[in-house]
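Have a look at the structure below before the remarks.
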Amino acid sequence: MEKTMVKVEHLKKYFPITGGVFQRVVGHVKAVDDVSFEVKVGETLGLVGESGCGKSTTGRTLLRLIEKTNGNVFFNDRDIYKLNKNEMRKLRTKMQIIFQDPYSSLNPRMTVGEIVGEALLDHELCSKADVKDRVLETLEICGLASYHMKRYPHEFSGGQRQRIGIARSLIFNPEFIVADEPVSALDVSIQAQIINLLTDLQQKRGFSYLFISHDLSVVQHISHRIGVMYLGSLVELAEKEELFKNPLHPYTKALLSAVPVPDPTLKRNRIILKGDIPSPAKPPAGCKFHTRCPYAKERCTNEVPQYKDAGSGHFVACHLV
Ligand code: SF4
């Protein structure tokens, strides 16, 4: 798992805030603010953080579904922001996304066969005669049957709809998939089935995931490495086992303290963070976490901590480390 598939360097995505009679730009929402990481071939990188921390925007910006403000994104060493429209369209077959809400992302007037096969025809990658076979094969891999092809999305349960969403992403046989909160809208019992499906598919086809979730216990099951985001920035990133055994950032420690432990004899001291998450339009100076951090010192209020390797690929941004 050594070769890098996706490399993100100092990625920024700022959304303008307009105001006044002339709708001038009066500020920016810094949704993604200088984020760097890599996803290796065959790896699942989990991205976790509270809602609004910029993880979904990171996923969409690195797929170029929304344009960046600054920074670079490389896919197999190609700078995707230097590709023209046609080249980008071709590359989209290699980089796919699974959305959180399978229902709203599926056209209710199309059958499952049409939904899953539509993109193949659009990209002219397959003759009409072959589309059916390819759709069938992909549906079966995702745990659906041939008779499902003629049915409409409303005839399926939430878990089955997510399987349709996954089949639609897999139809091109992609190399990299951004799974954006793919199980958050599902019941807990169904979540496990979808996570097992995604893990199985990765083993069979060898692709890489960026797995985005607000729930650390979900990310834990599927990820090889985990990155923790707070207010548009990565604050910590490490191998999964290392992160759970040796969390270094106070925010990661607080998130971990809320993850349930299966052993009833073990008790974790829950760390309750005070205050609300600040607005990304007005992030606090210095360390963005200082307004909620139980260990904040004066230095934290005016000096931005460097995001650096604390050893063996365990990255963290905190003055204490
Ligand atoms: Fe807390 Fe300071 Fe570390 Fe930020 S830099 S996480 S405020 S100790």
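Counting starts at 1 for both ligands and their atoms, in listed order.
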Carboxylate-amine/guanidinium contact Lys245 Glu241, below 4.0 Å: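 No, Lys245 and Glu241 are not salt-bridged.
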
Quick one: look up the protein heavy atom nearest [atom] and list residue, atom name and how far away it is.
atom	value
atom 5 (S) of ligand 1	His319 N, 3.3 Å
atom 2 (Fe) of ligand 1	Cys300 SG, 2.3 Å
atom 4 (Fe) of ligand 1	Cys287 SG, 2.3 Å

Any N, O or S atom of Cys318 closer than 2.8 Å to atom 3 (Fe) of ligand 1: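 True for Cys318.
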
Atoms of ligand 1 less than 4.0 Å from [X] heavy atoms?
X	result
Cys293	1 (Fe), 6 (S), 7 (S), 8 (S)
Leu320	8 (S)
His249	6 (S)

Heavy-atom check, side chain of Cys300 versus side chain of Phe289, under 4.5 Å: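 A side-chain contact is absent here, since even the closest heavy-atom pair is not under 4.5 Å.
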
Min side-chain heavy-atom separation Phe75-Leu83 under 4.5 Å: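 Counting from C-beta outward, Phe75 and Leu83 never come under 4.5 Å.
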
Side-chain donor-acceptor contact under 3.5 Å, Asn76 with Glu175: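 Yes, because at least one side-chain N or O of Asn76 sits under 3.5 Å from a partner of the opposite role on Glu175.
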
Gln202 and Thr44: side chain donor to acceptor below 3.5 Å: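 Yes, because at least one side-chain N or O of Gln202 sits under 3.5 Å from a partner of the opposite role on Thr44.
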
Pair His249 and Tyr230, ring centroids less than 6.0 Å apart: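 For His249 and Tyr230, the ring centres are not under 6.0 Å apart.
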
